Amino acid sequence: DTITVQELANRMAERGADLVKSLFKMGMPVTINQSIDQDTAELLVEEFGHNITRVSDSDVEIDTAADVDASETLLPRPPVVTIMGHVDHGKTSLLDALRGTDVVAGEAGGITQHIGAYQVTVKSGEKITFLDTPGHEAFTEMRQRGANVTDIVILVVAADDGLKPQTIEAINHTRAAGVPMIVAINKIDKSGANAQKVREELLQHNVQVEAMSGDVQDVEVSALKKTGLDELVEKILLQAELLELKANPDRDAEGTVIEAKLDKGRGPVATVLVRRGTLRVGDIFVVGGESGKVRAMVNDKGQQIKEAGPSLPVEVLGLSGTPGAGDPLSVVENEARAREVAAYRQQLATDKRTTHAPANLESMFSALKEKQAIEYPLVVKADTQGSVEAIVGAINKISTADIRARVLHAGVGGITESDVQLASASRAPIIGFNVRANAKAREIATRDRVALKYYDVIYHLTDEIRAGMAGELGPEA
Ligand code: GDP
């Protein structure tokens with residue numbers, strides 16, 4: 001009995017890329033379309049153990065397989081897309097322009113509501129969901145909380161400005177998450193536009209677009225003049241088709257909070273993106289450490305709706321309190337159960353905060369000793385481009401067959417909040433060479449237990465890694 005990784009991912013309502021990563025960590029380098037055996041599949045299901053029925057330690061008998069949908073229950077679901085790129089390159093304008101491609105918006109007479117995400121129905125009748133908060137901060141914060149909702153990233157680059165620091169950050173955050181990317185070369189209407197230069201710059205950062213014989217799709221657009229949008233939509237749908245995104249719509253709903261707020265008139269309101277199942281008015285649910293009963297649901301067009309299926313974002317009313325972005329929502333059988341699970345989750349969240357394994361060099365060595373870590377993620381910040389290159393080169397050189405240092409992000413400048421978020425989401429330490437973390441970054445690093453290591457001499461850094469390897473692993477390593 002075998003199953004492909006993607007098929008299993010669909011049945012678990014998880015992202016295929018995340019399963020591939022887990023398998024990689026277990027020492028099984030497979031691709032998304034490869035098959036794995038029953039035992040491995042069970043291991044994965046356990047690893048992702050999202051069986052919320054496990055409310056206490058004595059209650060672990062529950063069959064995790066019940067949490068995995070049968071393949072015949074799976075139906076295609078719309079892709080969830082996030083837009084990233086440098087400030088002023090046109091993320092917001094593109095989100096607005098894409099919203100305008102909706103063919104059903106006008107008919108229903110609704111009024112656009114900004115609920116954190118929206119769904120459009122394009123000419124072909126297919127649907128696409130866009131997360132409305134552009135930028136990699138939101139994207140990485142969600143990931144940090146274990147909520148990988150994005151299927152596809154659109155990287156916006158202004159054709160008259162080229163690659164900028166946040167463009168490069170966005171590329172690295174997208175890579176770290178294992179999410180496929182489509183490049184939208186924007187502002188093509190401007191006189192200084194040079195799309196070819198953008199493609200060449202991308203190549204320098206290992207993003208090889210189709211025109212440069214690579215496999216990353218790119219498209220020239222103007223968010224202002226609304227040109228190239230149909231082509232962009234086509235590419236999104238093509239990418240979605242390759243991903244074979246599916247979910248079981250016919251079960252109790254599970255979703256992820258995109259954003260939540262306390263509304264003066266309506267009480268706590270959360271925008272939930274349904275991942276699988278169908279959420280209905282009257283359903284009892286747990287969301288993060290809160291519980292509730294769906295009193296009403298409102299879509300991005302301001303219309304009240306009775307049910308919401310996979311990939312649809314909806315505002316949910318009827319919560320006991322305000323959950324956090326990234327919190328999971330699960331429908332449960334009754335209110336007693338909802339309260340029980342909510343309390344258990346609150347406890348879990350507290351425990352996690354205090355027992356979270358620190359990401360540091362020591363943990364890398366002990367993981368190595370147990371032959372767990374095949375790949376070791378790092379974030380590098382330095383004072384000059386020359387030092388960045390020297391450090392990355394030095395780190396790559398000390399990688400062995402057992403371990404491969406993977407620099408998630410390397411850049412010039414002080415350590416910022418965004419660096420810490422990226423590091424935290426990937427459990428990576430941050431190396432600062434002749435630079436320090438700013439106050440906000442230090443605060444988050446302490447909270448999330450991200451190790452900050454400062455060096456001013458490169459060989460101190462490489463010596464420390466080597467010494468650690470030798471000491472912890474013995475001469476064999
Ligand atoms: P964001 O910071 O990435 O969200 O960028 P915005 O969407 O706010 O756009 C920044 C500026 O670029 C605004 O003044 C937009 O009007 C302008 N802009 C965005 N897209 C285009 C475009 O396709 N062509 C031109 N000429 N200007 C654009």
Side-chain angles (χ1 to χ4, degrees), residues 80-102 105 112-120 122 128-143 149-150 152-175 177 179 181-202 205 207 209 211 216-236 258-259 271 300 313 325 409 411 413 416-419 421-422:
V80 178
V81 179
T82 295
I83 298 192
M84 294 204 248
H86 195 71
V87 63
D88 278 347
H89 278 197
K91 297 181 292 293
T92 314
S93 307
L94 191 60
L95 273 164
D96 286 345
L98 286 163
R99 199 193 266 271
T101 61
D102 195 346
T112 298
Q113 302 287 311
H114 285 273
I115 63 169
Y118 64 86
Q119 192 176 72
V120 296
V122 301
I128 305 174
T129 299
F130 292 95
L131 295 189
D132 218 346
T133 326
H136 53 258
E137 291 84 4
F139 173 79
T140 303
E141 202 176 318
M142 291 281 274
R143 252 191 87 218
V149 296
T150 301
I152 298 167
V153 163
I154 295 181
L155 180 73
V156 179
V157 188
D160 62 335
D161 203 23
L163 262 65
K164 287 282 172 272
Q166 287 167 35
T167 318
I168 295 157
E169 276 187 28
I171 293 171
N172 293 332
H173 284 243
T174 304
R175 278 221 185 96
V179 175
M181 183 163 64
I182 297 172
V183 181
I185 304 176
N186 190 32
K187 306 199 186 185
I188 204 70
D189 59 289
K190 287 184 95 170
S191 57
N194 187 344
Q196 193 52 27
K197 186 154 167 274
V198 171
R199 293 186 186 103
E200 281 159 18
E201 286 176 350
L202 284 166
H205 290 273
V207 177
V209 298
V216 175
Q217 303 193 80
D218 70 303
V219 48
E220 294 177 14
V221 300
S222 165
L224 192 74
K225 302 268 193 258
K226 302 192 171 31
T227 57
L229 298 179
D230 286 347
E231 203 186 332
L232 177 57
V233 161
E234 258 169 48
K235 300 209 169 194
I236 295 170
I258 301 300
E259 62 178 46
T271 296
D300 57 332
H409 176 59
T416 63
E417 201 179 334
S418 159
D419 296 325
Q421 283 178 343
L422 173 63

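All ligand and atom numbering here is 1-based and tracks the order in the structure. A quick note: this is a predicted structure, and the numbers were derived from the prediction, not measured.
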Would you please test T174 and L155 for side chain to side chain contact (heavy atoms under 4.5 Å, CB included) and show each step?
CA-CA 9 Å; T174 304; L155 180 73; 5.9 Å; no
Given the rule in the side chain to side chain contact (heavy atoms under 4.5 Å, CB included) test, do V219 and V183 qualify, once you have shown the distances and angles that lead to the verdict?
CA-CA 6 Å; V219 48; V183 181; over 6 Å; no
Dump the intermediate steps for side chain to side chain contact (heavy atoms under 4.5 Å, CB included) on F130 and I236, then the final yes or no.
CA-CA 11 Å; F130 292 95; I236 295 170; 4.0 Å; yes
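A donor-acceptor pair under 3.5 Å links the side-chain atoms of D419 to the main chain of T416, judged by distance alone. Looking only at distances, no side-chain donor or acceptor of D102 sits under 3.5 Å from a matching main-chain atom of V122.
The protein non-hydrogen atom at the shortest distance from atom 3 (O) of ligand 1 is K91 N, 2.8 Å. In this structure, atom 18 (N) of ligand 1 lies nearest to the protein heavy atom K187 CE, 3.7 Å. The nearest heavy-atom contact from the protein to atom 5 (O) of ligand 1 is G90 N, 3.1 Å. Protein heavy atom nearest atom 4 (O) of ligand 1, with residue, atom name and distance: T92 OG1, 2.5 Å.
Which parts of ligand 1 touch K190 is read off a 4.0 Å heavy-atom cut-off, strictly below it: atoms 26 (N). Near D189, meaning under 4.0 Å from one of its heavy atoms, ligand 1 places the atoms 22 (C), 23 (O), 24 (N), 25 (C), 26 (N). Which parts of ligand 1 touch D88 is read off a 4.0 Å heavy-atom cut-off, strictly below it: atoms 1 (P), 2 (O), 3 (O), 5 (O), 10 (C), 12 (O). Within the listing of ligand 1, atoms 6 (P), 7 (O), 9 (O), 15 (C), 19 (C), 20 (N) sit less than 4.0 angstrom from a heavy atom of S93.
Counting only N and O atoms by type, the side chains of D161 and H89 include a donor and acceptor under 3.5 Å apart.
Residue-to-ligand polar distances keep V87 apart from ligand 1: every N/O pair is separated by 3.5 Å or more. The shortest N/O to N/O separation between V221 and ligand 1 does not fall below 3.5 Å. Between A223 and ligand 1, at least one pair of N/O atoms sits closer than 3.5 Å.
The side-chain heavy atoms of V153 and I83, taken from C-beta on, include no pair separated by under 4.5 Å.
For atom 13 (C) of ligand 1, the nearest protein heavy atom is 4.0 Å or more away. There is a protein heavy atom closer than 4.0 angstrom to atom 23 (O) of ligand 1.
Contacts between N186 and ligand 1, counted as non-hydrogen atom pairs separated by less than 4.0 Å, involve the side chain only.
Residue S418 forms a side-chain hydrogen bond (donor to acceptor under 3.5 Å, both in side chains) with just one option from Q166, E169, H409, and that option is E169.
Under 4.0 Å is where a charged nitrogen must lie from a carboxylate oxygen, and between R199 and E220 at least one such pair does.
Heavy atoms of H86 approach ligand 1 to within less than 4.0 angstrom.
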